[in-house]
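What follows is one structure encoded as structure tokens, with my remarks underneath.
In what follows, chains carry the letters A, B, and so on, assigned in the order in which the sequence lines appear, proteins first and then strands, with residues in each chain numbered from 1.
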2 protein chains.
Amino acid sequence: MKSNEMDKAIKDILANGALKVNGSLWVEGNGKRFFGPGPVELLELIQETGSINQAAKKMKMSYKKAWELINNLNNMSGSPLVITSTGGDNGGGSAISEEARQLIAYHRELRVRFSKFLEEETQRLK
Amino acid sequence: MKSNEMDKAIKDILANGALKVNGSLWVEGNGKRFFGPGPVELLELIQETGSINQAAKKMKMSYKKAWELINNLNNMSGSPLVITSTGGDNGGGSAISEEARQLIAYHRELRVRFSKFLEEETQRLK
DNA sequence: ATTCGTTATATCTTATTGAATATAACGATC
DNA sequence: GATCGTTATATTCAATAAGATATAACGAAT
């Protein structure tokens, strides 16, 4: 079967023709998922707000879940990605480390290339 | 910061250096996930065994879950991907449609290209 | 008619996940 | 030392997902 024949057939499989190739990427360490889209957004918001609490609220994520996520990241990572401080002028706060900034930057680039890949693959379906 | 500098820094983030880029791909229809790695394997096993039941067992998946998965696929798809028959010489059985075979073939090709993509991205971390 | 293994379905239980709430510790500022 | 908003943690409740079990219907073969 030729390639365009097959693509046409697949296109006909769904009633509504809005077919799309999509996916998700992450960085693994020791076989365990380490860094995906969720953490990236959370770290970015911590950088922006200076607070786990506020970052979680902006993501409509519970503080507990955000904290557990960060705790995992920090435990899996050699050096902590989020530096927290309790007490102080405005009750404390959090900042992200240089490593975290690098991870964010890397993942951003990765996503750009991945988007391109997904677009190309979606094109093959049309 | 130059690219190799950053990659080196990221490599140092995890204590154990076994960093890897990984991910998952699927085909979406109408914004809803339609066809991922799980269904592919199940369909392949149905093709191989001629039975939802046996396919599910080989995947260590409950029959219920397998059936629901297939039911979803058949409902979302214009033409059914799995054709079932009840009763008969050996109690019945199931076969996959031509469309299913095409989807499997397409997804297989897709995964090959995706593996290459992942390998390239993993290489950037080393 | 009986047997067979399968599909199809319902029900119940269990496990996992997530949300919600409460509270202690913290330390700079006033 | 009282206040403040935050981190850190435990506990409880709700919702969702997964698993286990049971059973009817089916139809070819015997």
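B/Ser62 comes within contact range of no nucleotide atom at all, as no heavy-atom separation falls under 4.0 Å.
In this pair, A/Phe114 and B/Phe117 present their aromatic rings tilted. The plane angle is within the 30 to 60° band.
Nucleotides of DNA chain D lying under 4.0 Å from heavy atoms of chain B occupy a range whose first and last members, 5' to 3', are D/dG19 to D/dA29.
Checking B/Ser51 against A/Thr86, the closest nucleotide of DNA chain C that is more toward the 5' end is the one next to B/Ser51. Between B/Asn90 and A/Asn90, the one whose closest nucleotide on DNA chain C sits nearer the 5' end is B/Asn90. Along DNA chain D, the nucleotide nearest A/Ser85 and the nucleotide nearest A/Asp89 are compared for position; the residue whose nucleotide lies closer to the 5' end is A/Asp89.
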List the steps, then state whether salt bridge (charged side-chain N to carboxylate O under 4.0 Å, His left out) holds for A/Glu48 with A/Lys58. CA-CA 11 Å; A/Glu48 180 187 327; A/Lys58 287 208 174 186; 3.3 Å; yes
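With A/Ser94 contributing its side chain and A/Val82 its backbone, the two residues share no donor-acceptor pair below 3.5 Å.
At a cut-off of 3.5 Å, with distance as the only test, a side-chain donor of B/Glu98 or B/Gln102 sits close to an acceptor on the other residue.
Between the C1' atom of C/dA19 and the CE atom of A/Met59 lies a distance of 16 Å, rounded to the nearest Å. In this structure, the CD atom of A/Glu68 is 10 Å from the C1' atom of C/dT17, given to the nearest Å. The separation between A/Trp67 atom CH2 and C/dG18 atom P is 16 Å, rounded to whole Å.
With C/dA28, C/dA20, C/dT9 as the choices, the nucleotide that has an atom nearest any side-chain atom of B/Tyr63 turns out to be C/dT9.
Smallest separation of non-hydrogen atoms from A/Leu43 and A/Ala100: CD1-CB, 4.0 Å.
Between atom CD1 of residue B/Ile46 and atom CD1 of residue B/Ile52 there is a gap of 5.0 Å, rounded to the nearest 0.5 Å.
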